[in-house]
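What you see is a predicted model, and the numbers here were worked out from it, not measured in a lab. We count residues from 1, following the sequence as given. As a basis for the values below, the full set of heavy atoms in this structure was taken, side chains included, without hydrogen atoms, waters or symmetry mates.
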Amino acid sequence: MTSVFFCVLQYLDIGEDMNVPDDFTQNEMLTGMWWRHLVAGGVAGAVSRTCTAPLDRLKVYLQVHGTKSTGILTCLRHMVHEGGYWSLWRGNGINVLKIAPESAIKFMAYEQAKRVIRGSQARELSIYERFCAGSFAGGVSQTIIYPLEVMKTRLALRKTGQYKSIADAAKKIYLQEGPKSFYRGYVPNLLGIIPYAGIDLAVYETLKNTYLRKHASNESPSVLLLLACGTISSTTGQVCSYPLALVRTRLQAQVVTAQSAQPGGTITAQPYTMTSLIREIFRNEGFPGLYRGLTPNFMKVAPAVAISYATYERCRETLGVNMT
């Protein structure tokens with residue numbers, strides 16, 4: 001697989017980092033070009049996420065507080081009225097900060113998984129083997145980075161003046177709710193990796209291979225065609241895994257005060273589990289409730305891809321990354 005294929009998936013950033021990584025060529029590994037790809041992709045992701053942060057916060061807000069009668073404009077007006085226009089970027093700081101460690105952990109886990117699958121044989125992985133390696137890498141990276149995911153959701157939903165900084169938010173959540181609060185929603189998040197990564201990879205490979213079969217074997221697909229394939233595959237993966245993402249976000253947003261050991265300590269109701277929350281959503285909102293917030297999620301795809309692509313190209317030129 002050429003480095004162009006890797007580049008397309010690497011700079012395709014729509015705020016969800018659960019796709020299966022692409023392979024580096026042997027030459028890229030030996031020359032050290034791989035880290036330039038990662039840096040360029042990280043910068044592109046940071047710029048893309050920052051530019052589309054208002055739509056991402058709108059999606060999170062609708063996932064947690066949305067109802068049948070709640071519209072996009074109503075939510076936007078509420079958020080601006082509550083905290084001003086800059087409040088639309090709440091949670092973006094930690095969303096950008098987690099790109100580097102998440103990408104690095106996923107890359108290392110993916111490379112290790114590929115070595116185990118290949119064994120002593122020097123060969124290309126099949127699509128099924130790539131899916132297994134990618135799912136494993138996604139699970140490892142999400143397990144390690146998950147507290148930052150919870151922090152991102154909490155910061156995006158915070159009220160004006162609730163937290164002074166990221167560190168202050170982490171401290172208050174830990175003291176008031178305990179360490180388990182940083183892994184709320186972990187199970188549906190982990191389960192969501194499998195359909196997202198599998199569908200993303202399958203659709204991308206199907207679209208790409210369909211094009212290659214219909215054209216000369218020595219004709220390489222254009223970057224724009226690969227970009228379109230990546231956009232369609234990532235969007236399809238998100239649609240199929242979206243209910244699990246919504247359940248994850250609602251569980252992350254639960255504020256359950258830890259019971260105090262002192263007399264008169266606060267005792268709260270039991271927090272939702274994944275299954276009890278799904279039943280609650282079905283009972284109150286029906287099946288459409290599992291797709292609350294999907295519209296702003298779709299709205300951010302096109303600008304996120306365009307911004308990420310343009311930024312990656314500029315970074316690639318600056319770092320001297322060869323696309324051949």
### Query
Of all residues at least two apart in sequence or in a different chain, which pass the side chain to side chain donor-acceptor pair (under 3.5 Å) check with Gln112?
Arg115

### Listed partners of Phe287 passing ring pair (Phe, Tyr, Trp, His ring centres under 6.0 Å), at least two apart
Tyr291

### Message
Please enumerate all residues that pass ring pair (Phe, Tyr, Trp, His ring centres under 6.0 Å) together with Tyr128, with sequence neighbours excluded.
### Response
none

### Task
Could you name each residue pair satisfying ring pair (Phe, Tyr, Trp, His ring centres under 6.0 Å) that touches residues 139-172, not counting sequence neighbours?
Tyr146-Tyr183, Tyr146-Tyr186

#### Entry: side chain to side chain donor-acceptor pair (under 3.5 Å) against Thr206, all qualifying residues, sequence neighbours excluded
none

### Task
Answer whether the closest heavy-atom distance between the side chains of Thr67 and Asn284 falls below 4.5 Å.
no

#### Entry: Fellow cluster residues of Ile199, listed by chain then number, with links counted only when side-chain atoms sit under 4.5 Å apart
Val203, Leu207, Ile232

### Message
Under 4.0 Å between a side-chain nitrogen and a carboxylate oxygen: does that hold for Glu149 and Lys152?
### Response
no

### Task
Kindly write out the residues that satisfy side chain to side chain contact (heavy atoms under 4.5 Å, CB included) with Thr153, not counting sequence neighbours, or none if the list is empty.
Val60, Leu157, Thr249, Gln252, Ala253

### Query
Any idea which heavy atoms bring Ser181 and Ile173 closest together, and the distance?
OG-CG2, 3.2 Å

### Query
Linking Ile, Leu, Val, Met, Phe, Trp and Tyr by side-chain heavy atoms under 4.5 Å, what else ends up with Phe136?
Ile105, Val140, Ile144

### Message
Please enumerate all residues that pass side chain to side chain contact (heavy atoms under 4.5 Å, CB included) together with Pro188, with sequence neighbours excluded.
### Response
Leu244, Val247, Arg248, Leu251, Met274

### Query
Should Lys300 and Lys59 count as side-chain neighbours, where that means a heavy-atom distance under 4.5 Å?
yes

### Those residues that, when tested against His78, pass side chain to side chain donor-acceptor pair (under 3.5 Å) (two or more places apart)
Tyr61

### Arg57 bridged to Glu82 by N-O distance under 4.0 Å
no

### Task
May I ask you to test the Gln238-Tyr196 pair for a side-chain heavy-atom distance under 4.5 Å?
yes

### Task
Could you state whether Ile72 and Tyr85 fall into the same hydrophobic cluster, counting links through intermediate Ile, Leu, Val, Met, Phe, Trp or Tyr residues with side-chain heavy atoms under 4.5 angstrom apart?
yes

### Summary
Sequence neighbours excluded, the answer for side chain to side chain donor-acceptor pair (under 3.5 Å) partners of Thr50 is Asn92

### Summary
Contacts satisfying salt bridge (Lys or Arg N to Asp or Glu O under 4.0 Å) that involve residues 160-170 (not counting sequence neighbours) are Asp168-Lys172

